[in-house]
Amino acid sequence: MNAQLSHRGGSHGNRFRVAIWSLVAALWLLPVIAMRFTTEMNWSVFDFVFWALMLGAAGGAYEIATRMSRSSAYRAGFGIAIVGAFALVWISLAVGIIGDEDDPANLVFAAVLLTGLIGAAVARLQPQGMAHALVAVASVQALAVPIAVMAGSSEGAVLSACFVALWLGAAQMFRIAARQSAATA
């Protein structure tokens, strides 16, 4: 068992893991550095704890993905989905996508994330199911475009359309991983 685990990690995988977690640490420190140079950024302890939880969740989710499959396409799909979810939460909570962060129209993005979580659970993180789940996520995200337009937020509509493209890109990577998996089976 130990030989199998050490073979799966490999030195390349360990370097990549170190790089991912180093990036997480650097991103956590970024607000500290920014606060030293500007008074516009004034984070509380709660802000730093929440930021750490967000970064840790993203890093941990990617850690799980790298253990689920050795496929580069699978890992890329998972990475794209994690970055998308992270950015969606961050932008929604920080400044809001539709209007400001307190605008109730932003709740549509909670539905986007919930669709992704339910889809991933139903798919059991298998590549073909994840592809379908991310198409569903893109569909729910697409509903935010007319909501943003009706709210008078052209920026929110454009940003939502960009997220749709991101989700579909992740879905495509999972489709590739599913084909690769089927070809080797």
To check you understand the geometry: which heavy-atom pair defines the closest contact between [X] and [Y], and what is its length?
{"X": "Leu125", "Y": "Met68", "answer": "CB-CE, 3.8 Å"}
{"X": "Trp167", "Y": "Ala81", "answer": "CZ3-O, 3.5 Å"}
{"X": "Val164", "Y": "Ala142", "answer": "CG2-N, 3.6 Å"}
{"X": "Ala171", "Y": "Val135", "answer": "CB-CG2, 4.0 Å"}
{"X": "Ala157", "Y": "Ala148", "answer": "N-CB, 3.4 Å"}
{"X": "Gly129", "Y": "Ala123", "answer": "C-CB, 3.3 Å"}

Drop me the distance from [X]'s [atom1] to [Y]'s [atom2], to the nearest 0.5 angstrom.
{"X": "Arg70", "Y": "Ser181", "atom1": "CZ", "atom2": "OG", "value": "14.0 Å"}
{"X": "Ser72", "Y": "Met173", "atom1": "OG", "atom2": "CE", "value": "8.0 Å"}
{"X": "His132", "Y": "Leu134", "atom1": "NE2", "atom2": "CG", "value": "11.0 Å"}
{"X": "Trp28", "Y": "Leu55", "atom1": "CH2", "atom2": "CG", "value": "10.0 Å"}
{"X": "Phe46", "Y": "Leu53", "atom1": "CZ", "atom2": "CG", "value": "8.5 Å"}

Hey, quick one: are [X] and [Y] part of the same hydrophobic cluster, counting side-chain heavy atoms closer than 4.5 Å, chains of contacts allowed?
{"X": "Val49", "Y": "Leu27", "value": "no"}
{"X": "Val24", "Y": "Leu88", "value": "yes"}
{"X": "Val140", "Y": "Leu166", "value": "yes"}
{"X": "Val137", "Y": "Leu117", "value": "no"}
{"X": "Leu113", "Y": "Val83", "value": "no"}

- Message: The test is side-chain contact (heavy atoms from CB on, under 4.5 Å); show your working for Ile91 and Leu159 and say whether it passes.
- Response: CA-CA 10 Å; Ile91 296 168; Leu159 191 54; 4.1 Å; yes

Is a donor on one side and an acceptor on the other found under 3.5 Å between the side chain of [X] and the backbone of [Y]?
{"X": "Ser160", "Y": "Gly156", "result": "yes"}
{"X": "Thr38", "Y": "Met35", "result": "no"}
{"X": "Arg75", "Y": "Ser69", "result": "yes"}
{"X": "Thr66", "Y": "Glu63", "result": "yes"}

- Verdict with reasoning, Glu101 to Asn106, per side-chain contact (heavy atoms from CB on, under 4.5 Å): CA-CA 7 Å; Glu101 67 272 13; Asn106 283 308; 5.5 Å; no

- Only counting residues at least two apart or in another chain, list the ones meeting ring pair (Phe, Tyr, Trp, His ring centres under 6.0 Å) with Trp43.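 In terms of ring pair (Phe, Tyr, Trp, His ring centres under 6.0 Å), with neighbours along the sequence ignored, Trp43 is linked to Phe48, Trp51.
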
- Message: Can you confirm if the aromatic rings of Tyr74 and Phe174 lie within a centre distance of less than 6.0 Å?
- Response: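 Yes, the ring centres sit under 6.0 Å apart.
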
- Query: Around atom CH2 of Trp21, are there more than 12 heavy atoms of other residues, nucleotides or ligands at under 6.0 Å?
  - Reply: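 More than 12 within 6.0 Å, yes.
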
- Message: Using side-chain heavy atoms (C-beta onward) and a distance below 4.5 Å, is Arg179 in contact with Ile176?
- Response: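 Side chain of Arg179 against side chain of Ile176, heavy atoms only: contact under 4.5 Å found.
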
- Are side-chain heavy atoms of Phe109 and Ile98 found at a separation under 4.5 Å?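 Side-chain contact under 4.5 Å: yes.
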
- For Leu93 and Phe50, run side-chain contact (heavy atoms from CB on, under 4.5 Å): C-alpha distance rounded to whole Å, both residues' side-chain angles, the deciding distance at 0.1 Å, then the answer. CA-CA 11 Å; Leu93 293 177; Phe50 190 76; 3.5 Å; yes

